Amino acid sequence: MIGGLSFIFANPAILAALVALPVIWWLLRMTPPRPAAEIFPPLRILASVMKREETPSKSPWWLTLLRMLMAAAVIFAIADPVFNPRSNTLATSGPLALLIDNSWATAPDWERRVEAASALIDDAEAKDVAISIVFTGERQHDATPGSASTARNRLAAARPEPLPADRGSAIAALQAAFEDAPPGTVAFITDGIEGGDGKTMEALAGIGAAGLKVIEADGSEAVALTATSNESGGMSVTASRLKTDDGRSLPIVAFDTRGRAIAGGAIDFAPGAATAKGMIEAPFELRNDFARIGIEGAATAGAQHLLDDGFRRRRVALLSGEARDLSQPLLSPLYYINRALAPYADLVEPRQNDLAVAIPELLEQRPSVLIMADIGRLPEETYPLLAKWIDNGGTLIRFAGPRLAAAPADDPLVPVTLRQGERALGGALSWSEPQPLADYPGNSPFAGMARPTDILVKRQVLAEPTADLAERTWANLADGTPLVTTATRGAGRIVLFHVSAEATWSNLPISGHFVEMLRRSVQLSRGGGIASDGKAVKAQTLPPYRLLNADGVLAAETGNARPLDIVPGKAPVATADNPPGLYGSEDGFTALNLLPRDAELKRIDMTAAGPHTSERLAGTESWSLKPALMTLALLLLLADALIVLFMGGVFSRARTARAASAIIIVLAGTVFLAPPQVFADDTRPDDQRILERLDTTHLAYVVTGEEEVDRLSEDGLRGLTDFLTYRTTLEPGAPVGLDISKDELSLYPIIYWPISASAPMPSPQAVSRIDAYMRAGGTVLFDTRDQFSSLGSSSNGTSANTERLQAILGNLDIPPLEPVPADHVLTKAFYLLTNFPGRYTGSPLWIESQLDSREEPSNRPARPGDGVTPIIITGNDFAGAWAVDSNGVALLPTVPPDEMQREYAFRSGVNIMMYMLTGNYKADQVHVPALLERLGQ
């Protein structure tokens, strides 16, 4: 043993040749007899002139040692020293039965498992026994013993599967194959994870083999995510591991639908713990974009947890006790609820005011949440329907009001018993003042939110004091009375706000705090929609859309996967017919994960196997020193040859000088005679660049001198160029950056100028060139990119970018400006548009003011450019919305995050380009009927 590794010589008898080393030493050192010298006088003069070549009488000791080492290396190489040698312990009484796990947990070390199986096949071939090989991840098993070549072919074709090991069917196939004659050895290369009924080793022992061999890894790579929960403060993630002897911290990452990492966290395992939880803290808006949670650096299907459509958004049904007054929307009970939830949920409202008809219609749409604002009494036939819907997992959120205050106290759809009537605070006949909110209790989903100091409650409905009232309270007033209460009913929940949903009882609905409270309450509901028992959801069959492979990568290849049957009340399980992945279509899908929720990885119980031998997967790696020793001997032989040549005078100074001179002459000839290399000339004449850019239309931008701004402008115009190519017949060339002080500007129909206050101010000459370009019919699109920063400023405040634009325009002769009118050609040049958003929205698009239609045509001045405005100004950051990388992925998010806003930003760019190229063509009256038909007028 050397350092824990076993060591043997495959041919130890060869070591006997080492005794010949002294003889070799003596032979190398032996000096032949000195020859007798006879002096021939006529040659004495030549002896004094010619330098005599001298040959040593015996080899130096260090050269002799080198040759001895070479001989020893050859002897040891022939003896074949082997580290970690394998011993062929297979029984010869029957075939070798190989049971190999190719589950998700074997993906990281699959090659090592193949090597271990190959070594066993070699051992079986050496003992001339047949081989039966089965894999626990295959659907069908052929355990018939065959030749070694057949086993090798099946082993080479096997791959890890994104499924747990199905050992039951594989062992049953082995039992059927060896029913008449048991195998000699059963070798089990396992992932170490127990599955099925937990009787794997007992079943293997029942085959009756003469020997049982178990080979497994240490299990450190077997870690799986088993559950996620979207809680009020972040995303809770549960993981399970197989190896529990030490503490460990696992980094976890949340990915969006495009595979980009957008948030992260960690799961910390305590020593000895098999399961642990971690948290990804992220805002609600960001969590809504989570599509997948993964363990960083772990390439297995178990290290990924997929999230489906139901996780991200909830369908919310809205009901009100009052008919909507369109003339006074701010007094509507649902107005503030709708404004708070519209960006984050799918809202549905009834088409009829009759609650007996409206409630069943809403429940047929499978909402996750039903919000009722100031509804006191419901039709009798709707109570059982709502009760069953809540028991199935629905969340009912109610708001108080005059109707609920006057309702009977035995209402079954409230979380606590209510006192009849309402409590007035701060009125003429009240001793109490309007109450602020108290700190939120720790069991509330609102915990962690800062207590607002500007919210006052003037009216509320009171709850009867009970022993569990504090446990059911999510929010209190400063005097201790409940503001929000809750109760669990079956799998669902009822939540009651003890104030109205509009601003008559409190100013809570008109605060930003109200939005966050509603978001957190809705987020606690179940995703995917809830149906009542009365309207049970039928079983669905969803086709495979994207499937996980064993390395944890979502792929479009669905292979032999079958459609997934979704049965209400029954969680689907990953099988060979339904591998983990996404089932459905691009419009909607359901996530099927590898392991059931809250599953736990457990080691196989080896005690039921009886007598057996266990090996670590690393222990099968044997390696020989023979190649290294033979290489060493060859190197020593080469060194010996060079030394002998040197000592023989082959590398004398004169010969070395002549060889060096020849080499120098050859190299010099190669350099001077080689054809000259032509390099790209970046300083081409302007005429050449102009001719190259005349072949097609190019979008141009002003180079500001700021690297980040210029890069974003180029990426933005490239994104608009691609959009124009795909959506229109226009195929522009690559975007061009312009130095407005010297480049030719007349080649481009429009120039995009991103304004940056920190960039150098353009020179008067450059501004003069821009003025001439605009007078000649060109258009400059100025983008201050400051709409987002100006949202929080006062109405009279201006940003630094706007001030820089004002300084630039002060040197230009610009016409009067106005926001784009509703009937302008820009609104219909290609798409029908009502506004022109960019990365931000809200800034108007300023253009040259249109001429007064009442003015006589003879008095109107001539307008160049076919009526095209020479100047366009926006603050919505068009380039930021258009910017894409080389893969076409957007570089910057829109504000607010909305992909439809980005779509309309691209459409705005298309309309601007079409307007630049066609002028007032679409203003012709011939287009009016077609436009009116498109608008539905």
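Below, each value reflects all heavy atoms present in this structure, side chains not excepted, and no hydrogens, waters or symmetry copies. In this text, all values refer to a predicted model and were calculated from it rather than measured experimentally.
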In terms of heavy-atom contacts, Met201 and Ile604 come closest through CG-CG2, 3.5 Å
Output yes when Arg152 and Glu125 qualify as a salt bridge under the 4.0 Å nitrogen-oxygen rule, no when they do not.
yes
Can you tell me how far CZ of Phe290 sits from CG of Leu307, rounded to the nearest 0.5 angstrom?
8.5 Å
CE/Met70 to CZ/Arg67 distance, rounded to the nearest 0.5 angstrom?
7.0 Å
Is there side-chain contact between Glu138 and Arg154, with at least one heavy-atom pair below 4.5 Å?
yes
Would you check if the side chain of Arg260 reaches a backbone N or O of Phe255 as a donor-acceptor pair within less than 3.5 Å?
no
Ignoring hydrogens and geometry, is there a side-chain-to-backbone donor-acceptor pair from Asn549 to Gly552 under 3.5 Å?
yes
Mind checking whether Ile171 and Leu99 have side chains closer than 4.5 Å, heavy atoms only?
yes
Does a side chain donor of either Ser103 or Asp101 reach within less than 3.5 Å of an acceptor in the other side chain?
no
More than 12 foreign heavy atoms under 6.0 Å from CG of Asp245: is that the case here?
yes
Would one find more than 12 heavy atoms of other residues, nucleotides or ligands at under 6.0 Å from atom NZ of Lys243?
yes
Compute whether any side-chain donor of one residue and acceptor of the other, for Thr590 and Asp308, lie under 3.5 angstrom apart.
no
If I take atom CG from residue Leu242 and atom CD from residue Glu216, how far apart are they, to the nearest 0.5 angstrom?
8.0 Å
Donor-acceptor pair, Arg241 side chain versus Ala222 backbone, under 3.5 Å?
no
Indicate yes or no for a side-chain donor-acceptor contact from Asp551 to the backbone of Val553 under 3.5 Å, with no hydrogens or angles considered.
no
Any side-chain heavy atom of Leu306 sitting closer than 4.5 Å to one from Arg546?
no
Does the pair Leu250 and Val223 meet the rule for a side chain to side chain contact (heavy atoms under 4.5 Å, CB included), with working shown?
CA-CA 9 Å; Leu250 294 178; Val223 184; 3.3 Å; yes
Out of curiosity, Asn102 CG to Phe135 CZ, how far, rounded to the nearest 0.5 Å?
6.5 Å
Within 45° of the ring axis of Phe269 and under 6.0 Å from its six-membered ring centre, is that where the NZ or CZ of Arg248 lies?
no
Just wondering, are more than 12 heavy atoms of other shown residues or ligands nearer than 6.0 Å to CG in Asp128?
no
Whether the side chain of Asp142 engages the backbone of Thr144 through a donor-acceptor N/O pair (distance < 3.5 Å, no angle test) should be reported.
yes
Minimum heavy-atom separation for Ile280 to Ala263, with atom names?
CG2-CB, 3.7 Å
Answer yes or no: is there a side-chain heavy-atom contact under 4.5 Å between Thr300 and Pro108?
yes
Just wondering, do Leu225 and Ile267 contact through their side chains at under 4.5 Å, heavy atoms?
yes
Has Ser240 got a side-chain atom pairing as donor or acceptor with Leu601's backbone, closer than 3.5 angstrom?
yes
Mind listing the closest non-hydrogen atom pair of Phe178 and Ser132 along with its distance?
CZ-CB, 3.7 Å
To check you understand the geometry: which heavy-atom pair defines the closest contact between Arg287 and Met235, and what is its length?
CD-N, 3.9 Å
Is a side-chain donor or acceptor of Thr631 paired with a backbone partner of Pro627 at a separation under 3.5 angstrom?
yes
Between Asp122 and Lys127, is the closest basic N to carboxylate O distance under 4.0 Å?
no
Check step by step if side chain to side chain contact (heavy atoms under 4.5 Å, CB included) holds for Val214 and Met606.
CA-CA 9 Å; Val214 179; Met606 298 294 179; 3.6 Å; yes
Stepwise side chain to side chain contact (heavy atoms under 4.5 Å, CB included) check, Ile100 with Leu155
CA-CA 9 Å; Ile100 302 175; Leu155 180 63; 4.1 Å; yes
Neighbour count above 12 (heavy atom, 6.0 Å) for Met630 CE
no
Kindly give the heavy-atom pair with the smallest separation between Asn578 and Pro563, and that separation in Å.
ND2-O, 3.2 Å
Under a 3.5 Å distance rule, please check whether Thr185 uses its side chain to pair with a backbone N or O of Ala91 as donor and acceptor.
yes
Regarding Asp191 and Arg113, does a basic nitrogen lie under 4.0 Å from an acidic carboxylate oxygen?
no
Measure the shortest side-chain to side-chain distance between Pro81 and Leu629 over non-hydrogen atoms and say whether it is less than 4.5 angstrom.
yes
For the residue pair Ser169 and Asp166, confirm or rule out a side-chain donor-acceptor distance under 3.5 Å.
yes
Nearest-0.5 Å distance that lies between atom CG in Asp565 and atom OG1 in Thr541:
4.0 Å
How many angstroms lie between atom CG of Leu595 and atom NE2 of His305, to the nearest 0.5 angstrom?
10.0 Å
Is any NZ, NE, NH1 or NH2 atom of the basic residue among Arg603 and Glu194 found under 4.0 Å from an Asp or Glu carboxylate oxygen of the other?
no
Using side-chain heavy atoms (C-beta onward) and a distance below 4.5 Å, is Ile207 in contact with Pro183?
yes
So, for Tyr583 and Leu564, which heavy atoms are closest and what is the spacing to 0.1 Å?
CD2-CB, 3.5 Å
Walk me through it: do Lys213 and Leu120 pass the test side chain to side chain contact (heavy atoms under 4.5 Å, CB included)?
CA-CA 11 Å; Lys213 184 188 294 289; Leu120 290 173; 4.2 Å; yes
Do Asp577 and Thr575 have side-chain atoms, one donor and one acceptor, less than 3.5 Å apart?
no
Less than 4.5 Å apart, side chain to side chain, heavy atoms only: is that true for Arg167 and Phe188?
yes
